[in-house]
Amino acid sequence: MSQVPNPQLPCCITEEPYCGTHPEPSQLFSENDKVLVSSKCFQSQEHKQHSAYGTQEATEYYRLFQETLVTLREKLEAAKILLAEEREKMVTTQEEEQRLKEMIEAEYKMQFQLLTEEKELQFPRLPACKADLNLNGPQQDQLMKCGTELMQKSQEMLQRLRHLGRESMDKLKASEVRLREHLCSLQEIITDLEKNCGEPALALLQNAECYLKRSEAILLQSLQPAQVTDLSSCQIIGMSNVLLKFQRRITLDPDTAHPSLVLSEDLRSVGCGETSKTGPDTPRRFDFGASVLGAESFTSGRHYWEVAVGQATHWQVGICDCTERKDSISGASGDKVLLMGSMMGADCTLWVFPPLRKVCQRKQMYKVGVFLDCECGQVSFYNVTEQSLIYSLSDLTIRGAVKPIFSLCIPNGGMSSGSLTVCLPQTHP
C-alpha cells in the first residue's frame, strides 16, 4: 500500500478571506453556488436552503486528491507496461508468422520430395503392377495430381496464416491506440490534480468534485490486452504415409538411463522407480535429468519413430548429439532437439527446444512421431493421434552421431509421472 502524503494546505486558507456582502471572514463554502460566504450570508434567504461547510474542510479534499494521485500514478505505470507488451507482441507476431510460413512451406516440400522419391523407386516395377490409388501409385499423372493437392493444401494453410496474422496485427494496433489515448487521459488528470493541490481553498473547493469524478471514471476503465488468436493453430493436417517407410525399431540403452528410471525387459518402455538404482555407474549415464538414450544412433539418412506418451504428466522426446569430443563425454552431455509436453488436467502444453518456445496448448495426445533427416538437418514432431504436424525445425547442424532421447519428470511424493513407450514399426490403417 502506497503512503499518502500529508496534505499541505496553502496559506490562504488560514488568512480568512472576507465576504463581499458582510464585513466578516468568509468561513463557509456554498456547495450549491460554489462560492465562499460568511455565516450571515448563509443565514440569508438566498442561501437558506443550500448546503455549506467550512473552508477548513477543504483539508479532506486535499487528502482525497493525494490518495487519488497515488492510484492514478500506479495505473499510469501499469498502462505503460501493457503498451510496451502490446508493441512487443506486434514484433513477435510478425516473427511467428514468418517462422510458421517457412515451416509450412518446408513441410509440404518435404512431403512432395518423399512422394517423388517413392514414385521413382516404383517406376521400374510398372509392368508388374496395376494402378495404385494411394500416394504410392505408379502412374505419373497420379504423382502430378498428388503434387497439385499438396500445393493447394499449402496455399490454403498459408492463406489462413496470413488472415490470422493480419487479424492479430489489427487487434494489437487498435489496442495500442486505446492505450495511448488512455495514457494521455491519465497524464492529463494527474497534471490537473497536482496543479489543484497547490491552489487555495476556494479554487480547490470549486473544482474538487469535478476532478474526483473524472478520476473515478478513468480508474474504472479496465486495461486489457488484445485477444489475439494463436497462429500455431494453423495445423498441418495429414501426415504423409511415406514416413512409415523410414520407421525404425528403437530400443533403450540401459547404460545411459538416469538412476531414477526403470526400463522394461524388452527395453522399449521407461518409467520412474520408487528408489534410485544402486548398480554400478557408467560414464554415459545421465546424472542430471531423468533421461535415457536410444541404443540406435544415426549419422545419415532419414529416420522415423513413434512414442506412446500415454498418461505421462511431464515428458520430453527428441534427439541428442552423441558425437564423442575431446572436451566432453559422449552421451549425456550432447546438444538436444526436444519436444516437451506438460499435462494439466485434460490440456497439454507443448514446448520445443532450441530455442525454448511455447508451441500451443492442445488437448491430450497419446502418441508422438519424430522424424529426422540428417542430410537436411530437419527434425519434425507429429501428433500421431490427430495425424498432424506439431512443429518442425530445419537447417540444424548435425555434426555426427545422434540418438533418440526420452525424458520423464521425477515424481514428487505420491504423484505418478507415467511412462513412455517406443512403438514397434507398424502400418497405419
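The figures that follow rest on heavy atoms only: side chains count, while hydrogens, waters and symmetry mates do not.
Using a 4.5 Å heavy-atom threshold, the side chains of Cys272 and Leu261 count as touching. Contact annotation: the side chain of Leu267 approaches that of Pro254 to within less than 4.5 Å [non-hydrogen atoms, C-beta and beyond]. Inter-residue side-chain proximity for Val228 and Met169 is flagged as unmet; no heavy-atom pair is nearer than 4.5 Å. Here the side chains of Met340 and Phe353 are in contact, with some heavy-atom distance below 4.5 Å. Leu164 is listed as a side-chain neighbour of Glu167, based on a closest heavy-atom distance under 4.5 Å. Residues Ile319 and Val379 meet the side-chain proximity criterion, which asks for heavy atoms closer than 4.5 Å. When side chains are defined from C-beta on, Leu408 does not count as touching His314, because their heavy atoms never get closer than 4.5 Å. In this structure the side chain of Ile405 reaches within 4.5 angstrom of the side chain of Lys336, judged on heavy atoms.
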*After noting the C-alpha distance and the side-chain angles of Gln98 and Glu102, does the key distance pass the side-chain hydrogen bond (donor to acceptor under 3.5 Å, both in side chains) rule?*
CA-CA 6 Å; Gln98 179 61 29; Glu102 294 171 357; 3.0 Å; yes
*asked:* What verdict does the salt bridge (Lys or Arg N to Asp or Glu O under 4.0 Å) test give for Glu97 and Lys101, after you've listed the backbone C-alpha separation in whole Å, the side-chain angles of each residue and the deciding distance to 0.1 Å?
replied: CA-CA 6 Å; Glu97 182 179 350; Lys101 176 178 179 291; over 6 Å; no
*Could you walk me through whether Arg73 and Glu194 pass salt bridge (Lys or Arg N to Asp or Glu O under 4.0 Å), step by step?*
CA-CA 11 Å; Arg73 287 168 183 150; Glu194 288 174 340; 2.6 Å; yes
*Take Phe381 and Val370 through the test side chain to side chain contact (heavy atoms under 4.5 Å, CB included) and record every step on the way to the result.*
CA-CA 5 Å; Phe381 299 103; Val370 183; 4.0 Å; yes
*Hey, mind stepping through Trp305 and Gln247 against side chain to side chain contact (heavy atoms under 4.5 Å, CB included) and telling me if it holds?*
CA-CA 5 Å; Trp305 60 95; Gln247 197 166 6; 5.5 Å; no
_Could you walk me through whether Val368 and Glu306 satisfy the side chain to side chain contact (heavy atoms under 4.5 Å, CB included) test, starting with their C-alpha distance in whole Å, then the side-chain angles of each, then the deciding distance to 0.1 Å, before giving a yes or no?_
CA-CA 6 Å; Val368 174; Glu306 295 178 351; over 6 Å; no
_side chain to side chain contact (heavy atoms under 4.5 Å, CB included) for Ser215 and Leu72? Distances and angles first, verdict last._
CA-CA 8 Å; Ser215 300; Leu72 288 168; 3.9 Å; yes
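The list of side-chain hydrogen bond (donor to acceptor under 3.5 Å, both in side chains) pairs with a residue in residues 175-184, not counting sequence neighbours, reads Glu86-Ser175, Arg87-Glu176, His182-Gln221.
Expressed to the nearest 0.5 Å, how far OH of Tyr304 lies from CG of Leu372 amounts to 13.0 Å. Considering CG of Asp335 and SG of Cys322, their distance stands at 10.0 Å, rounded to 0.5 Å. Taking NZ of Lys89 as the start and OG of Ser168 as the end, the distance is 10.0 Å to the nearest 0.5 Å. The CD atom of Glu107 sits 10.5 Å away from the OG atom of Ser388 when rounded to the nearest 0.5 Å. Here the straight-line distance linking atom CD of Glu188 with atom OG of Ser185 works out to 6.5 Å at 0.5 Å rounding. In this structure, the separation between CD on Gln113 and OG1 on Thr116 is 6.0 Å, given to the nearest 0.5 Å.
The two residues Leu64 and Leu212 come nearest to each other via the heavy atoms CD1-CD1, 4.1 Å. For the residue pair Gly341 and Leu350, the shortest heavy atom distance occurs at CA-CD2, 3.9 Å.
Crowding of Arg357 atom CZ: a count of heavy atoms from other residues, nucleotides or ligands under 6.0 Å exceeding 12. For Lys153, the NZ atom counts as loosely surrounded, since its 6.0 Å shell holds 12 or fewer non-hydrogen atoms of other residues, nucleotides or ligands. Within 6.0 Å of CD on Glu375 lie more than 12 heavy atoms contributed by other residues, nucleotides or ligands.
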Identify every side-chain donor-acceptor pair in residues 293-303 under 3.5 Å, counting partners at least two apart or on other chains, and give the distances.
| from | atom 1 | to | atom 2 | distance (Å) |
| --- | --- | --- | --- | --- |
| Glu296 | OE1 | Thr251 | N | 3.1 |
| Glu296 | OE2 | Thr251 | OG1 | 3.1 |
| Arg302 | NE | Asp373 | OD2 | 3.0 |
| Arg302 | NH1 | Glu117 | OE1 | 2.7 |
| Arg302 | NH2 | Glu117 | OE2 | 3.2 |
| His303 | ND1 | Arg248 | NE | 3.1 |
| His303 | NE2 | Ser300 | O | 2.6 |

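Glu156 and Arg160 are not joined by a salt bridge, as no carboxylate oxygen comes within less than 4.0 angstrom of a charged side-chain nitrogen. Classification of Asp321 and Lys403 as a salt-bridged pair fails, no side-chain N sitting under 4.0 Å from a carboxylate O.
Remark: the backbone N or O of Val422 is paired with a side-chain donor or acceptor of Arg268 at under 3.5 angstrom. Checking side-chain atoms of Lys75 against main-chain N and O of Leu219 turns up a donor-acceptor pair under 3.5 Å. Judged by distance alone, the side chain of Gln387 and the main-chain N or O of Val384 form a donor-acceptor pair under 3.5 Å.
A donor and an acceptor atom, one from each side chain of Ser291 and His258, are nowhere located under 3.5 Å apart. There is a side-chain donor-acceptor pair under 3.5 Å between Gln378 and Ser380.
Under the side-chain contact (heavy atoms from CB on, under 4.5 Å) test applied with Trp351, the options Leu338, Leu339, Leu356, Val359 reduce to a single match, Leu356.
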